[in-house]
Amino acid sequence: MSAKTITRFAPSPTGWIHVGNLRTALMNYLIARKAGGEFILRIDDTDPNRSKEEYVDGIKRDLDWLGLHWDRVERQSSRLEKYEAAAQQLRDMDRFYEAFETPTELDLKRKKQLNMGKPPVYDRAALSLDEAEKEALRAERGDGVWRFKLLQERIVWNDGILGDVSIDGASVSDPVLIRGDGQILYTLASVVDDTEMGVTHVVRGSDHVTNTGTQIQIMQALGGEVPQFAHHSLLTGPQGEALSKRLGTLALKDLRAQGIAPQALLSLMSRLGSSDPVELRTDMQTLIDGFDISRFGSAPTKFDAEDLKPLTARYLQTLSLAEVADAVRAAGVPDAQATRFWDVTRENVTTLHDLAGWWAMFSEGAEPVIDDEDRDFVAEALELLPQAPFDDNTWGNWTAAVKEKTGRKGKALFMPLRKALTGQQHGPDMSQVMPLLQVVKARGSA
Ligand code: GLU
């Protein structure tokens with residue numbers, strides 16, 4: 001066995017990848033990088049009807065955005081002969097058989113077994129068909145499916161997350177590896193690839209545990225080295241509710257469009273479900289160094305997309321103007337104002353999308369908020385406010401004058417003025433806001 005650690009992320013390009021896929025991708029990526037090994041992006045596209053190029057592109061774009069760079073790409077659709085060869089090998093060793101039951105027949109068998117209190121495992125009726133019977137069935141129904149004949153013994157492995165796992169081979173149906181229409185299924189393709197590509201570690205979701213049992217037997221039949229498996233728990237919503245139906249709304253491309261920072265996603269997903277705390281990590285090497293799969297537990301992991309916002313906000317606070325210059329410019333801020341604008345807003349934005357709102361407020365003025373009991377006070381104060389442009393001293397000078405004239409002080413002085421000028425109760429330091437503020441809508445309206 002080669003000493004080099006090789007992992008792979010193996011999405012099927014049948015949809016946009018989401019946070020659940022990211023968990024898988026990230027763990028495999030971090031394991032490879034930590035060991036100085038190799039990370040393969042494997043596109044599982046043996047299903048020509050459901051696989052789409054736009055999803056392949058989407059997967060690459062998402063991984064690029066996150067900085068999860070792969071060492072090479074493999075595509076199952078260009079490796080079909082290898083799977084055929086493996087299928088033939090299984091036939092030759094009598095571990096592969098053709099079966100002709102229709103889905104309805106299989107369903108009926110399952111129901112009968114369940115009624116009798118038996119596990120719904122395929123009864124291997126096809127094994128007793130002779131050649132003439134198979135010919136007749138083929139003529140009537142077309143080619144059958146090909147099933148792998150499992151050894152009915154316990155399949156055990158030491159899982160990187162679940163610990164010792166044991167599956168009774170007799171409790172699992174012989175898996176179909178080739179469909180009636182000749183399509184090779186993922187179960188076989190994946191075994192061939194993992195073996196040939198020398199994959200040493202496979203991390204994937206716990207929905208694959210039974211698959212792993214059968215794949216270990218197929219690997220052993222084909223003489224392949226069995227990798228180290230680890231199955232992470234599935235994500236649930238914040239209340240523990242199933243997330244599977246909502247994952248469609250948690251596509252990485254949508255989170256990107258919402259302005260979530262990749263650093264926020266990586267920080268959360270590399271720790272969520274482990275005994276390590278979630279902390280903002282802005283560089284990949286720190287994530288790599290701190291990653292330890294044995295710290296992840298098998299319990300379902302609660303995921304709340306809202307958690308990505310404070311992490312994104314915290315990340316943005318670490319950025320210099322140079323790092324956000326494009327976004328600041330895109331928000332309409334003139335270069336001459338950019339430094340002050342970023343100083344004022346960096347602690348007051350959740351995502352960079354918020355910049356445009358801030359700039360609109362400064363350049364067009366905010367809708368004033370004036371409580372009834374402050375109406376006269378604000379009107380009096382605004383008479384003392386000089387015309388824009390304002391400068392660094394405007395707020396201090398103005399509020400001192402207002403205090404002098406009205407006798408108000410502290411919160412009763414500052415809060416109504418802040419609300420009248422910005423429409424908000426909280427926000428950046430007003431002496432910093434004033435030089436950016438070009439229009440005071442409250443003027444004249446009181
Ligand atoms: N294409 C499979 C999936 O997306 C890959 C599973 C695996 O990692 O083996 O579920």
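Counting starts at 1 for both ligands and their atoms, following the listed order.
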**Student:** Kindly tell me which protein residues have any non-hydrogen atom under 4.0 angstrom away from an atom of ligand 1, grouped by chain and ordered by number?
**Tutor:**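 Lining ligand 1 at under 4.0 Å, by heavy atoms, one finds Arg8, Ala10, Ser12, Asp44, Tyr186, Ser190, Arg204, His208.
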**Student:** Indicate yes or no: does Lys134 engage Glu98 in a salt bridge with an N to O separation below 4.0 Å.
**Tutor:**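 Salt bridge absent between Lys134 and Glu98.
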**Student:** Salt bridge or not between Asp174 and Lys149? Use side-chain N to carboxylate O under 4.0 Å.
**Tutor:**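 Judged by the 4.0 Å cut-off on N to carboxylate O distance, Asp174 and Lys149 do not form a salt bridge.
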**Student:** I need the full list of ring-ring contact (aromatic ring centres under 6.0 Å, His included) pairs touching residues 309-337, with sequence neighbours left out, sorted by first then second residue.
**Tutor:**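 Output for this query is empty, none listed.
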**Student:** Can Lys441 and Glu364 be counted as an ion pair, charged N to O under 4.0 angstrom?
**Tutor:**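 Looking at Lys441 and Glu364, the cut-off is not met.
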**Student:** Scan for ring-ring contact (aromatic ring centres under 6.0 Å, His included) pairs involving residues 254-279, sequence neighbours excluded, and state none if there are none.
**Tutor:**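 Output for this query is empty, none listed.
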**Student:** Per the ring-ring contact (aromatic ring centres under 6.0 Å, His included) rule, what does the pair list look like for residues 47-88, sequence neighbours excluded?
**Tutor:**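 Matches after skipping sequence neighbours: Trp16-Tyr55.
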